[in-house]
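Below is one structure, written out as structure tokens, with a few remarks after it.
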Amino acid sequence: MNNNRNIYVPLRSALSVAVITYCGHSAGALADSGKSDANLEQMMVTGVKTELPLSPVTDPKKPRQPLPANDGADYLKTIAGFSVIRKGGTDGDPVLRGMAGSRLNMVLDGDTILGGCSNRMDPPTAYIFPETLDTIKVIKGPQTVKYGPGNSAGVVLFERDRERPTEAGWHLYTSLLAGTAGREDGTVDASYASPEFSLRGTATQASADNYEDGDGVEVHSQYQRWKGQLTAAWTPDADTRFELNASRSDGEAANADRGVDGAKFARESYGAKFSRENISELVQSIEFHAYYNYVDHVMDNFSLREPSGMMATQMAMNPDRKTTGGKLALELAPTEAVQWSLGLDVRDDRHSNRSTMHQQLMDYRDMKREADAEFQQVGLYSEISWEVLPGRRWITGVRVDEWEVRDLRDTVKLSMMQSVANPTAGDSRKEQLHSGFLRYEFALDSAPAASATVYAGLGYSERFPDYWEIFAKETEDSISALGIAPEKTTQLDMGYLYSGERLSASVSTFANTVDDYLMIQTGYMKSAVSTDTGMSGMDGASAMRSTSIVRNIDARTWGLEMELNYRLQDNLRTELTVSSVRGANESDGTTLAQLPPWEARLGLYYELPQWSAGVLWRSIASQERVDIGKGNIAGQDFGPTDAANILSVNAGWRPTNELLLTAGIDNLLDETYAEHISRAGATIPGFDQLTRINEPGRTLWLKGVYSF
């Protein structure tokens, strides 16, 4: 049975590019086989081309510049539209088109990962080690319903290959990296695969000391991380696969933006998958997937720094989170022109916490955990692709989700020293939310060696408030945010893709309206005596306190991403990417906070079968459009930022088909700059006070990759 019968011309062109990129042949092998130098494999990734509408794909095993930290967020920075909120050396928060948090879903090999920290010290990408994966795919905007609820900004799929080999064999991938500030990374990815059985094990370790910014100021940013994973699969025939996997990871990270560091980022995960393909002419495939994730996170002020000032005693907080879930997916082909995806996904999410204000007198590990929140979600979806005529396709989907949340807190903390009774203790809340989209893709007539596609899609997403919005914040009139309204996004996406013999290009634009946008506002003044707690006896209804609240507002955002890749000669090519996002807070009559400025990247690369060299110029505009104290769960605006220009260079050498050596200098001119959405610096003993957490200064690195 031909499972690819509905693929149209632009998709075939994209797949041919993907084969060149991912089939595993080296540039030397391609040259030896007599292929044109125009098909050279890219040794160094500095930007990611979009081959399909709204869906850039990249290979996380390829060396890239600028040098990413060993986590999921920094690997996304080379994709147009992405930014990262820096807190230290690692564990930044990814932002797509100005949207962060649960507006951007992270799916790791089908698993949903959620962090434990109530202040986003450990975003989901903190537990993702990209180099142990095979592909990273982004779907921008609410333009799919297959990968969980609430993806108003988009979804990122971190995936491993599951192709059944035709013959038995071993595969080994290893990499070593050394860089400035004591940076050391190592990865081993080894597998044995036969037509009937496969076993794959991965291990990775990464560490770095405190880095210095362009002015030579040391930033509290050291970290170390490790992960191990084992996957076993049984494939009794070409259409059936049973798989089991298990993984563990841990680490620690210094944070320059707050009074505590991450002393523990432990995670364990277990999963099982079953899939069956080519069941009948109607039923193409069925897949079942179940998973369990447990995150155990510790924050303290003594493991990676010396306690001082008001926080002179040793304090520790130990949140944890258990997430179990599953998915049943069915792929149907009612006709030659129609593909139909049906699915059911479920998730159960439980969060608890324990903390101590004096670790030496009361060790947090001897304390009982206190559950504070439970979430349950059940979703049904249907997504259809209909190729009306060759090169003309409609894609549409609808989704409904049942949500339930329980507030298990007996008290709410107003400060480190004060807790009051929770007015919604033991209460539950249920919501039914809906999402859907409709997109049209049209292949234009073009030259024989070229393809072009235009598309337009309208998407709608309803997003349930997440843990950080309900349980980590108050509202204007209550110390509990259990009743805050869900967020509703309606977005139009339009774009154009072109792929020719020398030029490839893509332009995507978007505009949306967000009803009941969940905005976080810091420094909000409220009465020190909350009338909804029943507390009394404090002097003065006039006593005030400053707190962080969550508000529903009406908002809009709009912007574009543009990518150009032009081969000047067979061995010389240039790349240009531009991204811009703007927004408005309609309720307050201000700009929408936490939006990155206009950015452009221009690169020039010379490539031979065994050698490559390149230069990358990144230009960031100043950002004057700010709304102080407002933002999202990952950060708030606290001032404008200046423009910056960063120059980086790289080189690569492939002495054999199995070995690749790459080297680079990031920020060659030692520019001192910070991303606009970077966090503010905290007062840390032994370190200069930073207004913003600046990016690293001049960084030298060398990486070796050996695979066979």
Distance-only, no hydrogens or angles: does the [X] side chain make a donor-acceptor pair with backbone N or O of [Y] under 3.5 Å?
X	Y	result
Lys137	Phe158	no
Lys62	Gln42	yes
Arg225	Asn70	yes
Glu383	Val145	yes
Asn105	Pro149	no
Asp122	Gly116	yes
Lys322	Asp320	no
Asp407	Leu482	no
Asp348	Thr324	no
Lys77	Ser83	no

Quiz item: Among Asp189, Thr132, Thr187, whose side chain to side chain donor-acceptor pair (under 3.5 Å) with Thr204 holds?
Solution: Thr187
Quiz prompt | Tyr192-Trp170 aromatic ring centre distance below 6.0 Å | solution = yes
Quiz item: So, do His351 and Phe471 have ring centers that fall under 6.0 Å from each other?
Solution: no
Exercise. Quick one: list whatever passes side-chain contact (heavy atoms from CB on, under 4.5 Å) with Ala100, sequence neighbours left out.
Key: Val95, Asn632, Ala634
If the plane angle is over 60° it's perpendicular, under 30° parallel, otherwise tilted; pick one for [X] and [Y].
X	Y	answer
Phe242	Trp234	parallel
Phe375	Trp403	perpendicular
His289	Tyr291	tilted

Do [X] and [Y] get their side chains close enough for a donor-acceptor pair, meaning under 3.5 Å?
X	Y	value
Thr202	Arg200	no
Tyr381	Asp345	no
Arg64	Thr58	yes
Asn565	Ser504	no

SB check [X] [Y] (cutoff 4.0 Å):
X	Y	answer
Arg369	Asp296	yes
Glu374	Arg350	yes
Arg162	Asp109	yes
Arg439	Asp493	no
Arg429	Asp427	no
Arg276	Asp237	yes

Exercise. Give the C-alpha distance, both sets of side-chain angles, the deciding distance and a yes or no for ring-ring contact (aromatic ring centres under 6.0 Å, His included) between Tyr173 and His171.
Key: CA-CA 7 Å; Tyr173 170 90; His171 180 267; 7.4 Å; no
Which atoms form the tightest heavy-atom contact between [X] and [Y], and what is the distance?
X	Y	answer
Asp161	Asp134	N-OD2, 2.7 Å
Gly115	Tyr127	CA-CE1, 4.4 Å
Pro56	Thr50	CB-OG1, 3.7 Å
Gln229	Arg160	OE1-NH2, 2.8 Å
Gly459	Gln143	N-NE2, 3.7 Å
Ser247	Lys227	CB-CE, 4.0 Å

Quiz prompt | Distance (rounded to the nearest 0.5 Å) between Thr240 OG1 and Ile286 CD1 | solution = 11.5 Å
Quiz prompt | Distance in Å, Asp111 CG paired with Lys273 NZ, rounded so as to fall on 0.5 Å steps | solution = 5.5 Å
Quiz prompt | Criterion side chain to side chain contact (heavy atoms under 4.5 Å, CB included) on Thr577 and Glu561, from CA distance to verdict | solution = CA-CA 7 Å; Thr577 64; Glu561 293 103 33; over 6 Å; no
Exercise. Using the test side-chain hydrogen bond (donor to acceptor under 3.5 Å, both in side chains), find all partners of Glu469 that sit at least two apart in sequence or belong to another chain.
Key: Arg463
With heavy-atom distances below 4.5 Å as the criterion, would you say the side chains of [X] and [Y] are in contact?
X	Y	value
Tyr147	Ile139	yes
Ile470	Phe464	yes
Val514	Ser152	no
Glu431	Glu462	no
Leu96	Leu76	no
Lys49	Ser499	no
Asp59	Val45	no
Tyr75	Glu131	yes

Exercise. Evaluate whether atom CH2 of Trp340 has more than 12 neighbouring non-hydrogen atoms of other residues, nucleotides or ligands under 6.0 angstrom away.
Key: no
Quiz item: Is the CD atom of Glu167 crowded by more than 12 outside heavy atoms at less than 6.0 Å?
Solution: no
Exercise. Let me see the working for Leu328 and Leu342 under side chain to side chain contact (heavy atoms under 4.5 Å, CB included), right down to the final yes or no.
Key: CA-CA 8 Å; Leu328 178 63; Leu342 295 170; over 6 Å; no
Practice problem: Walk me through it: do Val283 and Leu330 pass the test side chain to side chain contact (heavy atoms under 4.5 Å, CB included)? | Solution: CA-CA 8 Å; Val283 183; Leu330 193 65; 3.9 Å; yes
Quiz item: Do Asp401 and Arg399 pass the salt bridge (charged side-chain N to carboxylate O under 4.0 Å, His left out) test, and can you show the C-alpha distance, the side-chain angles, and the key distance before you say yes or no?
Solution: CA-CA 7 Å; Asp401 288 281; Arg399 180 182 180 94; 2.8 Å; yes
Quiz item: Which is it for Tyr467 and Asp372 under the side chain to side chain contact (heavy atoms under 4.5 Å, CB included) test, yes or no, and what are the steps along the way?
Solution: CA-CA 10 Å; Tyr467 173 85; Asp372 57 4; 2.8 Å; yes
Exercise. Check whether NZ of the Lys or CZ of the Arg Lys140 lies under 6.0 Å from the centre of the six-membered ring of Phe510 and within 45 degrees of that ring's axis.
Key: no
